[in-house]
Amino acid sequence: MNIYGVLGYPAKHSLSPAMHNAAFKKCGIEAAYKIFEVPPVKLPVFFSSLAVKNISGFNVTVPYKETVVRYLHKISEEASFIGAVNTVKIVRGKLHGFNTDGEGFVRHVKEGCGMSFTGKTVAVLGAGGAGKGVCFHVCREKPKELRIYNRDRAKSLTLYNRLLQCFDGIRVKVIANADDLCLRDADMLINATSVGMRPSDGMIVPRPALHRGLFVYDLVYNRNTALLEAAGAAGCRISNGLGMLLYQGMLAFEVWTRKKAPKECMEESLRRALRRR
Ligand code: ATR
């Protein structure tokens, strides 16, 4: 039996086992998806025992998305751009790294929410791991303009320069202050910061900036953040990040099995696991 799992510390809270085990069952694949909760001191042992444990692939979560890169033999273009990996596939003992978060986000917005980025003005909050993945994939969709705000401006400038190197003719602006995002003429606002993860977190953009024509997406998946509540009240279309979690999982499943992921079954298991929490 092939073994898959999620590597993290902590990792017990992960919703991925429910989603992937349901998918393996649905597709008749003899595999099990486990939780690999590994403290930092045991990480080298985890990597040296992959073959013995018959592990064919795994997801990577906090705090290892960047750390794992040094253990890999090959990494995909997007994972290399982001500098972080969330999916590893083991092929004849070689470890291949991928990052399905950004593509998961874009696929969810396009297929799940029925929206397009092409020709749109898109504002992204955050230039950390999640923000980089989102910006990379949004740029592939040829937006009219991408505006990036990050508290640490040096990070958004680095991201800006790398996007210009990767995407010919792309229009990107770095915004120094969230109040200057100029959402009036924007079509989409994406929160890729960790602000909102804690229930006590406040808003990152001023409420009056939210307007009816704006689609607001928050990558936080387990509830609607203060930003989404305010956006909903302002008449915006909104989405939390549960769909992104689903799509990044579907993409990981497809990387591992080369089979089409069973969307409905994975979504149902994910929602059920979230309710049980
Ligand atoms: P992830 O992999 O989830 O993106 P990360 O790489 O640690 O995690 O990035 C966290 C993001 O949330 C960053 O954009 C961070 O901004 P800084 O680069 O300025 O630290 C952002 N963030 C975290 N706390 C924040 C806060 N209180 N206000 C604004 N941005 C915040």
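Start at 1 with the first residue, then count along the sequence. Every number for a ligand or one of its atoms is a count from 1 in the order of the listing. Model, not experiment: these values are computed from the prediction.
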Given the side-chain rings of F117 and H137, with only the six-membered ring counted for Trp, is the space between their centroids under 6.0 Å? no

Would you find a donor on one side and an acceptor on the other, under 3.5 Å apart, between the side chain of N150 and the backbone of S156? no

What are the atoms of ligand 1, with element, lying closer than 4.0 Å to any heavy atom of V195? 25 (C), 26 (C), 27 (N), 28 (N), 29 (C), 30 (N), 31 (C)

Flag I204 as yes when one of its N or O atoms lies below 3.5 Å from any N or O atom of ligand 1, and as no otherwise. no

Distance from K34 atom NZ to S16 atom OG, nearest 0.5 Å? 16.0 Å

Kindly indicate, with the supporting measurements, whether the criterion side chain to side chain donor-acceptor pair (under 3.5 Å) is fulfilled by N86 and T100. CA-CA 7 Å; N86 80 333; T100 65; 3.0 Å; yes

Centroid-centroid under 6.0 Å between F46 and F36 rings: yes

Measure K155 to ligand 1 on non-hydrogen atoms and call it side chain, backbone, both or neither using the 4.0 Å cut-off. side chain

Mind checking whether N150 has an N or O less than 3.5 Å away from an N or O of ligand 1? yes

Do you see a protein non-hydrogen atom under 4.0 Å from atom 7 (O) of ligand 1? no

Kindly give the heavy-atom pair with the smallest separation between V60 and V85, and that separation in Å. CB-O, 3.5 Å

Under 4.0 Å from ligand 1, counting heavy atoms only, is it the side chain of A127, its backbone, both or neither? backbone

Check: of T193, D201, D152, min heavy-atom distance to atom 11 (C) of ligand 1 comes from T193

Has N21 got a side-chain atom pairing as donor or acceptor with A18's backbone, closer than 3.5 angstrom? no

Please list the nearest protein heavy atom to atom 10 (C) of ligand 1 with its residue and the distance rounded to 0.1 Å. S194 OG, 4.0 Å

Within a distance under 4.0 Å of any heavy atom of G126, pick out the atoms of ligand 1 and give their elements. 14 (O)

For atom 27 (N) of ligand 1, grab the closest protein heavy atom and report residue, atom and distance to one decimal in Å. R151 NH1, 3.2 Å

Taking the minimum heavy-atom distance to atom 3 (O) of ligand 1, which of S156, A130, G128 ranks first? A130

Centre-to-centre under 6.0 Å for F81 and F136, is that the case here? yes

